[in-house]
Amino acid sequence: MDILKHLNPQQADAVGKTDGPILILAGAGSGKTKVLTYRMAYLLKEKGISPFNILAVTFTNKAAGEMKERLEKILGPKAKDLWLGTFHSTGLRILRKDGQYIGIDPNFIVYDDDDQLALVKLCMSELNISDKSFSPRAILSHINQAKNEALSVNDYAASVDDFFRQRVAAVYKLYQGKLKQNKTLDFGDLICEPIRLFQQAQPVLEKYQKRFRYILVDEYQDTNRAQYILISMLSAVHKNLCVVGDEDQSIYGWRGADIRNILEFEKDYPDVEIIRLEQNYRSTKNILAAANSVVERNIKRIGKTLWTENPDGALVTYQMARDEHHEASLLFEKVEDLRRKNSLSYKDFAIFYRTNAQSRIFEEHFIRSGMPYHIVGGLKFYERKEIKDAVAYLKVVANPSDSLSLMRIINTPPRGIGKATIDKVSSFGAGQDIALFDAFKLAMGKGLIPRNKDQGFIAVIEKFNGLSDKLSIHELAKMLLEESGYIKMWEDEKTEEAEARIENLHELISAMRDFEKGREKATLADFLDHVALISDIDTFEDEHNRVTLMTLHSAKGLEFPVVFMVGMEEGLFPHSRSINADDENELEEERRLCYVGMTRAMRKLFLFGARERTIYGESRFQGQSRFIDEIDPNYLEIISPNHSTPLGTDFKSVPKWEQGGLNEPRIVYDDFHDNNPWKIGIKIKHPSFGIGIIKAKEGAGEDAKLTIIFPGSGQKKLIAKYISLVEA
DNA sequence: CGGCACAACCTTTTT
DNA sequence: GGTTGTGCCG
Ligand SMILES: Nc1ncnc2c1ncn2[C@@H]1O[C@H](COP(=O)(O)OP(=O)(O)OP(=O)(O)O)[C@@H](O)[C@H]1O
């Protein structure tokens, strides 16, 4: 029973009640993920449940990895039998095992979103839908949305009511047909196809229902309709379903997350036990109160209590920089300062931003300063052209029916096979109902196109297709890229850029070698699955001592001692595309995102913004984010630049690095506290105005200018030394 | 068919 | 600011 010892009574309750449906509804940092992990440990250790009988679903691969690691510490190698992964990896696993029961080719591969878009474009051009009249992205997003709701082609077609949706339905139908022809599945299919499998092959469903006696789902507020259906099917027999979530942290509505899954859980499982966790173990009182004051503005929420025994800590600090470079240099100053004064390491700091594009400026500063850093997500490596080409080669070897990937590489390097040839062969193939790859073979055999048109390409692919059992995957990739002439294509360029690309290709090969380690057999399909699902070459590892950069979305579920949220500007966060007068929903989601970001901070939270920012090459002035205004001023300290700089001074003529700090107040952080006695948020007494609250501060020391709100007399700007403090 | 130059448009967030 | 798509010419 020592497992329960580390938990508070509510948590222990949630862990110990193993049978029947349970909904754990709780705020940030209350130990939801901890409860889930302990619940698994409890089932395995105390109740003697076999790992074979447990399915746990997390939202990200990162979360799954962390949980697995913790369980391995408790369980040892036995943890391997446990199914623990994202919805998508779980669906994939089911389909790799049993997909053949509904006619899914065992060699199928998974398309990423670029492949999806390319396929949509192909479908549109075949249907003579111009991409000017309808954006392929918009159509794809509707197809994805349909899959989020588990709507098949027929379901969708039946529901269309306007012209646009009619077109979408037509594309969806062709798109789905092509996926099948190419023996590929997209992300949505990884959820929808298992549902179809379970509907059409009852014995398969029963097998999984029997197996998964205990099912656990983390981040339940961000599950979509299709995922809900899948989980309902799997848990229908044992009903030992434990879901964990926080409606205030629902930030994936745009991806089909349906908050009703959590709000109506009680309706679906009338005998549900609802457990609330109300103690936050992560953040200081100030951080928690500031975050709550923001999310409380949302109208659509259940509302909940959240308290902490942690110390007050420092106030949340907001500062608006001149521009994004200044923002970055402020941040660097603070990191170095706090690191020295509080003996923190680089890994204790995290930078969160709304959009990936914002990471670039910071990355430049990191490179220049030599400070160790790590950008999570952003999908950079696998988005490079050379890597996508190389992966397309691997896909075609693993599955020659993948015509889309074939089209990508058949003329890379140039083999004299352009649009005309591809059109000719592809319509020839369509007539025979065969894949493009086979059509090429046949067309060359029949002399429809010159016998040697492919310059040995087909033979190379077939050779490696035949060798895939005999070679390790990294050897195969290496030889394939050499013999196909792909590496040589870059070598011949003899530019520095091409060198870098070759370097990246080597990195891909060594990533494959790493992949082979730690699993007894690693097939090409395994690796391609991994690429499709993870697509982040070095996943977040906290043993490295470096500053972490990531989007607010990726930050969900993590925690850091010091957090910087940057780009706190109207239009950037909340993002302009979510500010609709007619729809508060998207704005509320942004606000929840703000809450998620703020509640990642354990000890100190900084909010930075820029007065001027360059977006798409032109400079823009956007006011401070409304979320700043929404924070209860009692928990916020605003550092404003002092405006003593003479008017008309041209900032641009002064080098950037010299500007930094010139007109900034010197604020010393000692154990996260500002030594200056006139802290923002505290009460003071003025000889003539009476009691007031300090709202903002410019400058430091006894000459600092303070903005103070007096209940009687309104807002005043005063010099610090003329104020007497009310109780410490 | 291949390469280059210019335009347009953009990404908000991710499995 | 950068990428992706186009149109033209050799
Ligand atoms: N009973 C407890 N005693 C001490 N620390 C705890 C306890 N429960 C949770 N914690 C700590 O609180 C922190 C937050 O826990 P956890 O990540 O599980 O919360 P969460 O509810 O999943 O958070 P969020 O929803 O914000 O991601 C972790 O550092 C965890 O170790």
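Chain identifiers are assigned alphabetically (A, B, ...) following the order of the sequence lines, protein sequences preceding nucleic acid strands; residue numbering begins at 1 within each chain.
A:Asp189 and A:Tyr111 share no side-chain donor-acceptor pair at under 3.5 Å.
Among C:dG2, B:dT14, B:dC1, the nucleotide with an atom closest to any side-chain atom of A:Ser554 is B:dT14. You'll find that the side chain of A:His553 is closest to B:dT13, out of B:dT13, B:dT12, C:dG2. For A:Asn356, counting side-chain heavy atoms from C-beta on, the closest listed nucleotide (B:dC1, B:dT14, C:dG1) is B:dT14. Taking every side-chain heavy atom of A:Ala420 into account, B:dC1 is the closest of B:dT14, B:dT12, B:dC1. Picking from B:dG3, B:dT15, B:dT12 the nucleotide with the shortest atom distance to the side chain of A:Pro414 gives B:dG3. Nearest to the side-chain atoms of A:Arg354 among the listed nucleotides C:dG1, B:dT13, B:dC1 stands B:dT13.
In this structure, the side chain of A:Asn261 engages the main chain of A:Thr223 through a donor-acceptor pair within 3.5 Å. Formation of a donor-acceptor pair under 3.5 Å by the A:Arg592 side chain with backbone atoms of A:Ile251 is not found in this model.
The aromatic ring centres of A:Phe362 and A:Tyr373 sit 6.0 Å or more apart.
Rounded to an integer number of Å, the gap from CD of A:Gln116 to C1' of B:dT15 is 10 Å. Separating the NZ atom of A:Lys419 from the C1' atom of B:dG2 is a distance of 16 Å, rounded to the nearest angstrom. Atoms CG (A:Leu587) and C1' (B:dT12) sit 14 Å apart, rounded to a whole Å. Counting to the nearest Å, the P atom of B:dT14 and the CZ atom of A:Arg255 are 9 Å from each other. At whole-Å resolution of the value, CG in A:Leu117 and P in B:dT14 are 17 Å apart. Computed from coordinates, the A:Leu552 CG to B:dT13 P distance equals 11 Å when rounded to whole Å. In this structure, the CD atom of A:Gln358 is 10 Å from the C1' atom of B:dT12, given to the nearest Å. Protein atom CD of A:Gln455 is 13 Å distant from nucleotide atom P of B:dC1, rounded to whole Å.
Within 4.0 Å (heavy atoms only), A:Ile417 reaches sugar-phosphate atoms of the nucleic acid but no base atom. Heavy atoms of A:Phe573 sit nowhere under 4.0 angstrom from any nucleic acid atom.
Note that CG of A:Asn224 and CD1 of A:Ile191 are 7.0 Å apart. Values are rounded to the nearest 0.5 Å.
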Report, one pair per line, the protein and nucleotides 7-11 of chain B atoms (nitrogen or oxygen only) whose separation is under 3.5 Å.
unit_1	atom_1	unit_2	atom_2	d
B:dT11	OP2	A:Arg137	NE	3.0

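Between A:His553 and A:Trp254, the ring planes are perpendicular. Angles over 60° get that label, and only those under 30° would be called parallel.
Comparing A:Glu589 and A:Gly416 by the nucleotide of DNA chain B whose heavy atom lies nearest to each, the residue mapping closer to the 5' end is A:Gly416. The 5' end of DNA chain B is approached more closely, in terms of each residue's nearest nucleotide, by A:Ser576 than by the other of A:Ser89 and A:Ser576.
Between B:dC1 and A:Thr421, a contact under 4.0 Å exists linking OP1 or OP2 to a side-chain N or O. OP1 or OP2 of B:dG2 sits under 4.0 Å from a side-chain N or O of A:Asn411. Within the structure, every side-chain polar atom (N or O) of A:Thr60 is placed at least 4.0 Å from both OP1 and OP2 of B:dT15.
Note that A:Arg408 lies outside the cation-pi zone of A:Tyr393, set by a 6.0 Å cut-off to the ring centre and a 45° limit from the axis.
What you find for A:Leu558 and A:Glu66 is that their closest heavy atoms are CD2-OE2, 4.0 Å. When all heavy atoms of A:Gly416 and A:Thr421 are compared, the pair lying nearest together is O-OG1, 4.3 Å.
For the pair A:Tyr252 and B:dT13, the ring geometry does not qualify as stacking, because the centroid separation below 5.5 Å and plane angle under 30° are not jointly satisfied.
Considering only residues two or more places apart in sequence or on other chains, A:Arg167 meets the side chain to side chain donor-acceptor pair (under 3.5 Å) condition with none of them.
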key: Annotated protein contacts, base or backbone, on nucleotides 4-10 of chain C with a non-hydrogen cut-off under 4.0 Å, one of B, S, - each   = -S-----

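Classification of A:Lys488 and A:Asp492 as a salt-bridged pair holds, one side-chain N sitting under 4.0 Å from a carboxylate O.
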